[in-house]
Amino acid sequence: MNEPDRSSPFVRPYAVTRGRTRARYEFALEALVSTAVGARQQRLKLPPEQRAICDLCVEIKSVAEVSALLGMPLGVARILVADLSVKGLVSVEQPGNVEGRPDVSLLERVLVGLRSL
């Protein structure tokens with residue numbers, strides 16, 4: 001029987017999230033993530049995946065961008081961003097909505113994006 005390749009940089013998603021499949025709280029894919037000012041001192045104590053999110057979100061990114069740019073599944077990105085938010089290391093700005101309806105400006109941006117395809 002062959003042994004697994006231990007030199008592979010790939011870490012299973014359930015290992016990164018410690019088996020969790022849901023974030024502590026839900027937020028939209030287009031929610032904006034920004035690294036908090038005080039996160040710089042604490043980032044060295046973080047696991048590599050969370051450190052990468054803090055480094056990436058010095059410039060504001062959406063949760064979907066974090067997932068894509070770091071090459072991690074969206075569910076994993078959501079869990080890690082939520083963990084960082086609970087620790088106060090990132091700020092998550094949800095898109096606005098009124099009475100459960102999506103923000104009109106968001107819908108307009110989606111429409112423009114679809115038309116450009």
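Every heavy atom of this structure was used, including side-chain atoms; hydrogens, water molecules and symmetry mates were not. Quick caveat: nothing in here was measured; it's all calculated off a predicted structure.
Distance CZ/R51 to NZ/K45: 12.5 Å, rounded to 0.5 Å.
Between S91 and V33, every side-chain heavy-atom pair lies at or beyond the 4.5 Å cut-off. Using a 4.5 Å heavy-atom cutoff, the side chains of K87 and Q50 are in contact.
When hydrophobic residues (I, L, V, M, F, W, Y) are linked wherever their side-chain heavy atoms come within less than 4.5 Å, the members clustered with L32 are I60.
Among residues two or more places apart in sequence or in another chain, the side-chain contact (heavy atoms from CB on, under 4.5 Å) test is passed with L56 by K61, V66, L69, L70. S85 meets the side chain to side chain donor-acceptor pair (under 3.5 Å) test with Y25; sequence neighbours excluded. Under the rule for a side chain to side chain donor-acceptor pair (under 3.5 Å), the partners of S62 that lie at least two apart in sequence or sit in another chain are E65.
Taking every heavy atom of both residues into account, V81 and V90 meet most closely at O-CG2, 3.8 Å. Scanning both residues, M72 and S67, for their nearest heavy atoms gives O-OG, 2.6 Å.
Both L29 and V76 sit in one connected hydrophobic cluster of ILVMFWY residues. Membership requires side-chain heavy atoms under 4.5 Å apart, directly or through other members.
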Check the pair L84 / L46 against side-chain contact (heavy atoms from CB on, under 4.5 Å), numbers first and verdict last. CA-CA 9 Å; L84 289 167; L46 296 173; 3.9 Å; yes

